[in-house]
Amino acid sequence: MPFWHALLAEWREAWQDANLPEIPRITFTPPDQRGTLTLNIFPLLKAFKGDASQAAAAVLHPLREVTHVEVIKGFVNVSLSSAFWTQFLREALESPREGYTHLSLASDQHLMIEYPSPNTNKPLHLGHLRNLCLGEAVSRLWERIGARVVRVNLVNDRGIHISKSMLGWRKFFAPQTPASVGKKGDHFVGDCYVAFEKAYKAQVDALVAAGMKESEAQVQAPLFQEAQALLRQWEAGDEETLALWRQMNEWVYEGFEQTFQRLGIRFDRVYYESQTYLLGKAIVEEGLERRLFYREEDGSVWADLTAEGLGRKLLLRRDGTSVYITQDLGTADLKFRDYPTLTRSVYVIGNEQDHHMRLLCALLKRLGRPWAEKIYHLSYGMVELPTGRMKTREGTVVDADELLDEMYQRAYELTDAALPEKERAAIAEAVGQGALRFYLLRTDPKKNIIFDPAESIDLKGFTGPFLQYGYVRALRLLEKASERGLVPLPTEPPEHLEAAELSLLQQLFALPAILESSAMGFDPAIAAHYGYELTRRFNEVYQTLPVLQAESVLRQFRLALVGVYHHAIRALLEVLAIPFPARM
RNA sequence: GGCCCCGUAGCUCAAUCGGAUAGAGCACGGGAUUUCUAAUCCCGCGGUUGCAGGUUCGAGUCCUGCCGGGGUCACCA
């Protein structure tokens, strides 16, 4: 445990012993006020008849390490002693992994984090990128605070959508392959799907023109009937159908894998719905026997969740085939069978499935699964374009691979042309991805993002490259120092600190608290904002105060500041899964 | 229509579980480079926190009712 935790614990204990009517809440002092920590004594004022100075005196009496105090209304801003800061620098520099850049407060936690769970009929798009960035960042955040994390991908490799791309291939693309047309496999299969949808829509339109209701036409269109028949053949185990299915999924997996690798994302375990839907069906049977569910006269199986305010939910179709939630039941069961020690099972899924996830939890609860309450839905908002929602039909879907290429190009042009080509390319990839990832993470996950291409590829201001640049500056400075035989060593802060120095020092102090709240809240945006603010303050020091040229005592202190900043910014970039080049 | 989420500067977002004078970036205007990488820094401009009530020492934050936007309520996934 870092020593300042010990200090806060000591303070709280002292307050307990002092028999205060209320214990003050401790927060970080806002930047425009003098002080490092703020004790909130509003709740105590009543007991002291509104006399803030008396209340403050009572609160401060038992505390050590406090040097300067300012009482403003119910706020008591305290500054900490030089000895305190010396010790902070020592711990952050000498053993950052033991309580500064790494914490152990969640070491009893074991999380499974599922993302991005794509369908296998289309390539990944911008929405998947938000999902991937979120899932990876949350995984890393929890690892940072000491938890064990198992990353899991659930592939939706069966269902009507796959049947559609299979039919698309048969009718419009056979016998072509990704290799024969020179395309990534997932994009090729996506083309098959789009071709199907186009032909299907033409059929529906024709039927509607002939006077049929649209909802009826959608079901009656021959292509849809064919797709359903194909799904039944698949579920019946028809060998030819299965062979094509395997082939097309294989193409898609190869394509996905390339994208995952480019993003540096790896999974510990991959689940396939084709392997869990039967488990789901068995669970539905179990529920039927236990009279938790019921069968309609037409043979379909339902759960009545009106008591939970969720209405009725179909679990098996009239023809006995499974629906989406059926396999989700099976997968959920399997996860806890495979990993019985899980304390949390996290689903990173868009908020359009809020209702679905509520249904899933309600069903698992009804089935008496004790771990149902360990499920956490990390629900995130949609990525929209300035023109509205992305739509396949209108061709406005932003493709993940194309966007990554565009980011790379953009960054490449800004990179020093004098660099060796290989190095320049590596930097461009890091900066391009850094910009995109930061852009996708900087907003509260539950809010919708409006993806403005111009702003997202911006490399200035509140962006990933801003943080990367701060990292590079610090790193290079430390390298330069090292060449002169100088290393960051803990020192006592000088008596008079420049405003920029104090500002940076105080912000550095907050890192562990940020890691904790960002992880616990499943909210990487907290770490992103902090990383920006921290780097802003570092830049101010860097820009206005000499480090290597300063006189030796001052130089030593500033070098220590830079050293701690270097640890901190690196930790933040790692946690956000933003690459950090050594030069830019 | 029922339920869920969102509404803060022209635009994109913050606001430390109800706390201080609501803060950043972009855009716009001005300034800084013989100095550790200017992808930087400094200054300025910009607000009835959608509207109306309520709760209390104190509300962008909590409650109620409206308004606006999105999602969802499939024998789709």
Side-chain angles (χ1 to χ4, degrees), chain A residues 25 27-33 38 40 42-43 45-46 50 72-75 77 117 119 121 156 158-162 215 218-219 228 273 296 298-302 309-311 313-319 321 323-325 327-328 350-356 358-359 379 381-382 384 386 388-389 411 414-416 431 435 439 442-444 446-450 452 454-456 458-463 465-466 468-470 472-474 476-481 500 510 513-514 517 521 525-526 529-530 532-533 535-536 539-540 542-550 558 562 583-584:
Chain A
R25 217 175 68 238
T27 55
F28 294 105
T29 306
D32 55 333
Q33 301 288 332
T38 294
N40 190 314
F42 279 97
L45 288 183
K46 212 169 256 176
I72 304 169
K73 293 191 241 181
F75 300 104
N77 298 330
S117 305
N119 293 349
N121 61 328
N156 299 308
R158 44 145 277 136
I160 193 77
H161 55 295
I162 315 294
S215 56
Q218 283 168 354
V219 178
Q228 281 198 316
E273 287 198 349
E296 282 282 359
D298 64 4
S300 56
V301 177
W302 298 76
L310 296 167
K313 177 63 189 170
L314 178 87
L315 301 176
L316 286 178
R317 295 195 188 93
R318 150 177 49 185
D319 63 7
T321 55
V323 291
Y324 192 43
I325 196 123
Q327 45 229 2
D328 272 339
N351 63 11
E352 77 261 3
Q353 295 198 39
D354 284 356
H355 182 69
H356 176 84
R358 237 166 260 154
L359 285 170
S379 168
M382 301 187 320
E384 293 173 340
R389 203 174 172 176
L414 274 172
T415 307
D416 183 2
V431 172
Y439 183 81
R442 72 185 196 186
T443 305
D444 182 344
K446 71 173 177 237
K447 290 189 176 174
N448 287 1
I449 291 182
I450 295 179
D452 179 350
E455 191 182 341
S456 65
D458 203 340
L459 309 177
K460 288 187 214 142
F462 183 44
T463 65
F466 183 91
Q468 292 173 315
Y469 190 61
V472 167
R473 278 180 147 182
R476 296 287 291 153
L477 208 161
L478 292 173
E479 283 173 5
K480 281 260 161 63
I514 293 296
S517 60
I526 292 173
H529 277 95
Y530 171 80
Y532 173 77
E533 179 61 24
T535 297
R536 208 184 58 70
N539 276 333
E540 197 185 338
Y542 185 94
Q543 192 85 15
T544 57
L545 302 171
V547 177
L548 298 179
Q549 304 300 326
R558 288 181 184 161
V562 175
R583 288 163 198 240
M584 283 173 72

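Chain letters run A, B, ... following the sequence lines, proteins first and then strands; every chain starts at 1.
Nucleotides B:G25 and B:C42 place their C1' atoms 16 Å apart, quoted to the nearest Å. Atom C1' of B:G23 sits at a distance of 25 Å from the matching atom of B:C5, rounded to the whole Å. Taking the P atom of each, B:A24 and B:U16 are spaced 15 Å apart, rounded to whole Å. Remark: the separation of the C1' atoms in B:U64 and B:U55 is 11 Å, to the nearest Å. Nucleotides B:U61 and B:A20 are separated by 15 Å at their C1' atoms, to the nearest Å.
Atom P of nucleotide B:A77 and atom CG of A:D328 are separated by 11 Å, given to the nearest angstrom. Atom-to-atom, CG of A:L310 to P of B:A74 comes out at 12 Å; the value is rounded to the nearest Å. Atom CG of A:D319 is separated from atom P of B:A74 by 18 Å (rounded to the nearest Å).
Scored by the side-chain hydrogen bond (donor to acceptor under 3.5 Å, both in side chains) test, A:D298 finds A:S300 as partners (sequence neighbours excluded).
In this structure, a donor-acceptor pair under 3.5 Å is present between the side chains of A:D328 and A:H356. Counting only N and O atoms by type, the side chains of A:T463 and A:D458 include no donor and acceptor under 3.5 Å apart.
Distance from the side chain of A:F466 is smallest to B:C41 among B:C13, B:A39, B:C41. Closest to the A:Y469 side chain, of the nucleotides B:U16, B:A38, B:C41, is B:A38. Distances from the side chain of A:L477 to the nucleotides B:C75, B:A77, B:C36 place B:C36 closest.
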Is there any protein nitrogen or oxygen under 3.5 Å from a nitrogen or oxygen in nucleotides 67-70 of chain B, and what are the pairs?
none

Between protein and nucleotides 57-64 of chain B, what N or O pairs are separated by less than 3.5 Å?
{"unit_1": "B:C57", "atom_1": "OP1", "unit_2": "A:K46", "atom_2": "NZ", "d": "3.3"}

Between the protein and nucleotides 32-35 of chain B, are there any N/O to N/O pairs under 3.5 Å, and if so, what are the atom names and distances?
none

Pull out every protein N or O sitting under 3.5 Å from an N or O of nucleotides 5-11 of chain B, one pair per line with the distance.
{"unit_1": "B:C6", "atom_1": "OP1", "unit_2": "A:K446", "atom_2": "NZ", "d": "3.4"}
{"unit_1": "B:G7", "atom_1": "OP1", "unit_2": "A:K447", "atom_2": "NZ", "d": "3.2"}

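Between the side chain of A:T38 and the base of B:A20 there is at least one donor-acceptor pair of N/O atoms closer than 3.5 Å. One cannot find a donor-acceptor pair under 3.5 Å joining the base of B:A20 and the side-chain atoms of A:N40.
With a cut-off of 3.5 Å on both pairing distances, the Watson-Crick and G-U wobble pairs of RNA chain B assemble into stems of 3 or more at B:1-7 with B:67-73, B:10-13 with B:23-26, B:28-32 with B:40-44, B:50-54 with B:62-66.
When heavy atoms are screened at a 4.0 angstrom cut-off, A:Q353 is found touching base atoms of the nucleic acid.
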